[in-house]
2 protein chains.
Amino acid sequence: MATVSNFLNRPQLVAPNTGSRIDEAMRQLGYVPHGAARQLAAGRSRLISLVVLDLANPFFLEVARGVEDVASRNGYVVTLFNSDDSPTREQHALQAIEELRVSGLLISPVGAHSTMIGRVRADGLPTVLLDRGGSKSEGCSVAVDDHSGGVVAGEHLIAAGLRRFAFVGGSTHLQQHRARLRGLKAAMRGAGIADSDLIIVREQMSVAGGLRAGEELLARSRGPIGVFCGNDLLAMGVERAVLTAGRRVPDDFAIVGYDDLTLASTTAVPLTSIAQPMYDLGSTAARLLIDEIQSAGHQHERVQFKPQLIARDSTPATDRPGAERH
Amino acid sequence: MATVSNFLNRPQLVAPNTGSRIDEAMRQLGYVPHGAARQLAAGRSRLISLVVLDLANPFFLEVARGVEDVASRNGYVVTLFNSDDSPTREQHALQAIEELRVSGLLISPVGAHSTMIGRVRADGLPTVLLDRGGSKSEGCSVAVDDHSGGVVAGEHLIAAGLRRFAFVGGSTHLQQHRARLRGLKAAMRGAGIADSDLIIVREQMSVAGGLRAGEELLARSRGPIGVFCGNDLLAMGVERAVLTAGRRVPDDFAIVGYDDLTLASTTAVPLTSIAQPMYDLGSTAARLLIDEIQSAGHQHERVQFKPQLIARDSTPATDRPGAERH
DNA sequence: CTGAAAGCGCTTACAG
DNA sequence: CTGAAAGCGCTTACAG
């Protein structure tokens, strides 16, 4: 028994021919190690958990792909949870994760200050925050500079000649969208445009939500107006609503999305969008997490990527390519 | 210790005031049960696993949502795996699942006959096949009638006056797409149209794949042609390619997608598509699985839903509403 | 209704 | 390099 265990965990300690005998026996008996027993005895697991805000958004799927790739390359299996932006669901997931005694946690948190996450971290579980900055002292985090994304979007619209704006975002507690909105406002301020020239619409973050937001904008504005959306799904809905109403994109409604999903280029009028390194976000986070789990000399890092504007037909052409700034 | 355990697992055996003392103590100590130890001692877990063909496809996300809802309502946590249509990845997932000693498995298998799945079932793990029929003797399965979906799509295109066709699908081993293609062929035969009037294109099942397929079709056909796509992502790409080339939808290229994603109605020309009850697929499968896990008198079931045609602008109008047939 | 005891299937020092 | 022994944190009959 102990030799079998050694063979599984530290094969170099077992004589080669003993090893092959064990190997054959295991194969014949169809032996599959009991994960829970291994974990209980060894005191650690090869599990890491990923909790994501919204699996229906392709953004997080790409992130998950990045996580999964580096995890499996390092021998970890990742259990995926979808909090669906609900604090209750997040808490359920976190509880399941605590009981699983995973080795590490990757989470894109619902609220600003989750007591559960604080507790989990205090218990010593290696945790990296995803798509959300945090203070380096508390642990690693990997995010994209949302404020800068908002500035880039705003400056692009301003360079295109727009003077009135709308922001379409998810619920107010969504930090990412709040920062993007702040960025837009900063750009407006930089151009001497008053806050009163900005309409803010909150909607469920989906194509359907974007359709509703678009209808609201149609009712509240004659255009021309620059519409900055918190994600591409919303932007797709807004564009659809505008076109269905017989208004023009970009002439009446100039639209900038966020995430630059593959889908963004397949709409009737291909969308200008703010690209984020989604896969890299996930793979970098996983890399940091595994380093924290495995190496004693681990140093917390706070990684922040810069977003990039991809100009397409949903905004008027400008001279200076927006993608280059910032 | 034993009383604590009883309190956790069978509270009715513990005196109320002992119970509340335990409760308070657990809270103060921040006690979290050790899942692996529980599982090892009890010999069972509250885990079920879901292995899905392609998480990047919103279809499976909706399915997963259905699964997740009924699972959590019954106290199970579901671990989600993405095989990405790769036999290797599927096998890795299945191995991780075996080691986890989950209580049940929901899987949309990559190939036709997976030896791993056969072995898992032979080992007595309750397993229901998702989106894939199977013989009732082997276990439960929940699927949608893909052949009928192909017939409905074909008859709709024929009723719209098309006489030449194309099928755009994923790789040949994908059973679902094969059955849909067979359905299309059956409809063509029923209308006396020769197989030689059918072009078949295989592509990666994404918008990008659809773009490539669309370009190939543009090169090989002047239209009018009826294009039946294995899923909406492909259809979105095909439509985009056709419109970009300056050809008309539905006049030159009539397009039918599959899945009826929300996205299908947001393209430049809203897509006609074959709708599947995605959420119900998942929730029904989970219900059957939990029944098999929990009730001794479980009877295997083979559930098959019927798909439904949703006519939009990417196909010419017909007199008889396609959705009513079949 | 409550406590002492064995055992779930492994891993890990520890002697040989 | 290999085998006997304790122990991981629980659950489950089993006596009290």
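Letters A, B, ... are given to chains in the order of the sequence lines, protein chains preceding strands, and every chain is numbered from 1.
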Next item on the list: Considering only NZ, NE, NH1 and NH2 on the basic side and carboxylate oxygens on the acidic side, decide whether A:Glu62 and A:Arg65 come within less than 4.0 Å.
Entry: yes
Candidates [options] - which lies nearest the side chain of [X]:
X: A:Ala15; options: D:dT2, C:dT11, D:dC10; value: D:dT2
X: A:Ala37; options: C:dC8, C:dC10, C:dT12; value: C:dC10
X: B:Arg38; options: D:dG7, D:dC10, D:dG9; value: D:dC10
X: B:Ala42; options: D:dT11, C:dT12, D:dC10; value: D:dT11

Next item on the list: Quick one: look up who C:dC1 pairs with, Watson-Crick or G-U, both distances under 3.5 Å, and put none if it's unpaired.
Entry: D:dG16
Protein-nucleotide distance ([X], atom [atom1]; [N], atom [atom2]), rounded to Å:
X: A:Gln39; N: C:dT12; atom1: CD; atom2: P; answer: 13 Å
X: A:Leu40; N: D:dA6; atom1: CG; atom2: C1'; answer: 13 Å
X: A:Phe7; N: C:dT12; atom1: CZ; atom2: C1'; answer: 18 Å
X: B:His34; N: C:dC10; atom1: NE2; atom2: P; answer: 16 Å
X: B:Leu100; N: C:dC8; atom1: CG; atom2: P; answer: 21 Å
X: B:Arg46; N: D:dC10; atom1: CZ; atom2: C1'; answer: 17 Å
X: B:Arg101; N: C:dC8; atom1: CZ; atom2: C1'; answer: 12 Å
X: B:Leu29; N: D:dG9; atom1: CG; atom2: P; answer: 15 Å

Note to self: For A:Arg44 and A:Ala36, find the nucleotide of DNA chain C closest to each by heavy atoms; which residue's nucleotide sits nearer the 5' end?
What the structure shows: A:Ala36
Notebook entry, point to check: Do B:Asp146 and B:Gln176 have side-chain N/O donor and acceptor atoms under 3.5 Å apart?
Noted result: no
Note to self: Regarding A:Thr79 and A:Ser49, do their side chains bring together a donor and an acceptor under 3.5 Å, going by distance alone?
What the structure shows: yes
Check: If only side-chain N and O atoms of A:Thr3 are considered, is one of them under 4.0 Å from the OP1 or OP2 phosphate oxygen of D:dG3?
Finding: yes
Checklist line | Within-4.5 Å side-chain heavy-atom neighbours: B:Ile290 and B:Tyr76 | finding: yes
Next item on the list: Output all residues satisfying side chain to side chain contact (heavy atoms under 4.5 Å, CB included) with B:Leu55, sequence neighbours left out; order by chain, then residue number.
Entry: A:Leu61, A:Leu80, B:Val52, B:Leu61, B:Leu80, B:Asn82
